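Note sheet for the following structure.
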Protein chains: 2
Amino acid sequence: MNEFEVLFEALKITEPTLQKEILTHGVLGQYPKGVFVVEQDKYIKWLAIVIHGSVRVWQEEEEREILLYYVNPLETCSLSLAATFKDYKSLVHARTENNTTLIKIPVRFVKQWSFEYQSWFRFTTQSFITSYEDLLMSYKSLAFKRIGERLYDYLIYSKELSENKIHISHKALANELGTTREVISRLLKQMEEEGRLKLHFKMIELINS
Amino acid sequence: MNEFEVLFEALKITEPTLQKEILTHGVLGQYPKGVFVVEQDKYIKWLAIVIHGSVRVWQEEEEREILLYYVNPLETCSLSLAATFKDYKSLVHARTENNTTLIKIPVRFVKQWSFEYQSWFRFTTQSFITSYEDLLMSYKSLAFKRIGERLYDYLIYSKELSENKIHISHKALANELGTTREVISRLLKQMEEEGRLKLHFKMIELINS
DNA sequence: AGTCGATTGTGACATTTAGCACAATTTACT
DNA sequence: AGTAAATTGTGCTAAATGTCACAATCGACT
């Protein structure tokens, strides 16, 4: 099954004409880690849908940055989607995290198809909704939880996406959570003493409780 | 011009059949301050669109609550909208803040119309997008700004909605911003000393700079 | 005028998080 | 093995915010 067929199946795109449109106008591409998919303050030309790999989406403001979310397989960046609908510049940066396969759709079709094809409508609507809910979770987390808990949540989440061993530096973790390296180091050390994880060089091993 | 005509004009609902549908199935109602429009964990039966007044939307969790947004005239609660599309229970509470006029649409039409009528599609899509952007702003604010600045932002925002005199207690302010009364009292006092505002009993007067 | 409950002011202190400094450790590369 | 750069550990201190206690003030109502 090729990438387009994967997409059609996952999004339940059954309309033959839409399939044909996507095959005609969509562009399949494979990108190494670290490639910018969209850049903040630039116009969006394509809506990217992740097939394999993942894309990190964040905002930058006055030297500081804030992680918004990751786009995982068969999802799209809903802020790009929003930008597509409003035809404005991107509010965010997005960059591949791994070797990533994308299908890119020119923006001029994205809105139009939403009104023409049920399945595409469902896809765009669901994207908005799930992104909104994700952001809401992050917001609540930031509002209610202390860094320690947010850190642990992040590790658990990363574990679910891969395995027990999370390959990341303390500095990078601090960046993801919007704090400083020292804070992360101290909290991790504490968790290690509590037996919840084990620290290695640039790698954290979670211990099943 | 009656409330429905206001709605049609604001949302650019020009399709005669949609107008007729809304007139047939929509319910116009006026509610005093403090009435629950939706309740967390309950099923949504109606999508409420505010005509006059405003609705406060928030989440509760373990005794604490978090303000999400206000629904102002000619807007709808996008979380209700999301719930409508996914047919699940409400994630939030919503309550009228003032004497408020609403038009309520039974949920079974909301999704269907989005695909049938351009104007309704635009309305629902725009609602999602603007809500998402609002939440994003709040998220950034929470992540980057200190309470003092968030407090001042809140006051400025309230002022824009009404006038220079904001009628609210320190306790209520603390609640809106997710902090405690003492913190608010101290910060307000400090701002008063800086000449940015003047404190009265249950009222704050902003000073134009 | 007097009472009561809600609101506001404020000092003292605790906790959480951030920032600085510097040492120790690990990896990569010669 | 030896060096450089990145990463990690940690003591000390500062800033922001939260908590407790209690007094003062205000408004509503008798």
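Numbers restart at 1 for each chain; the letters A, B, ... are given by sequence-line order, proteins then strands. This structure is a prediction, so every number in the text was calculated from the model and none was measured.
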Residues in ring-ring contact (aromatic ring centres under 6.0 Å, His included) with B:His170, at least two apart?
none
Salt bridge (charged side-chain N to carboxylate O under 4.0 Å, His left out) partners of B:Glu194, counting only residues at least two apart:
B:Arg196
Show me the side-chain donor-acceptor pairs of residues 139-151 of chain B shorter than 3.5 Å, one per line, residues at least two apart or across chains.
from	atom 1	to	atom 2	distance (Å)
B:Lys140	NZ	A:Glu61	OE1	2.6
B:Lys145	NZ	B:Asp153	OD2	2.8
B:Arg150	NH2	B:Leu177	O	3.3

Would you grab the first and last nucleotide of DNA chain D (5' to 3') that comes under 4.0 Å of any non-hydrogen atom in chain A?
D:dT7 to D:dC12
Taking protein heavy atoms under 4.0 Å as touching, what does nucleotides 18-30 of chain C look like 5' to 3' if B marks base contact, S marks sugar-phosphate-only contact and - marks none?
SBBB----SS---
Taking only residues two or more places apart in sequence or in another chain, which ones pass salt bridge (charged side-chain N to carboxylate O under 4.0 Å, His left out) with A:Lys86?
B:Glu133
Identify, with sequence neighbours excluded, every residue that meets ring-ring contact (aromatic ring centres under 6.0 Å, His included) alongside B:His52.
none
Of all residues at least two apart in sequence or in a different chain, which pass the salt bridge (charged side-chain N to carboxylate O under 4.0 Å, His left out) check with B:Lys189?
B:Glu192
Sequence neighbours excluded and cut-off under 3.5 Å, please list the side-chain donor-acceptor pairs for residues 71-80 of chain A, or say none.
from	atom 1	to	atom 2	distance (Å)
A:Glu75	OE1	A:Asn72	N	2.9
A:Thr76	OG1	A:Ala48	O	2.6
A:Ser78	OG	A:Ser131	OG	2.5

Set of salt bridge (charged side-chain N to carboxylate O under 4.0 Å, His left out) partners for B:Glu176, sequence neighbours left out
B:Arg56
Can you list the stems that DNA chain D is part of, where a stem is at least 3 pairs in a row, each Watson-Crick or G-U, with both distances below 3.5 Å?
C:1-30 with D:1-30
All ring-ring contact (aromatic ring centres under 6.0 Å, His included) counterparts of B:Phe121, not counting sequence neighbours:
A:Phe115, A:Phe121
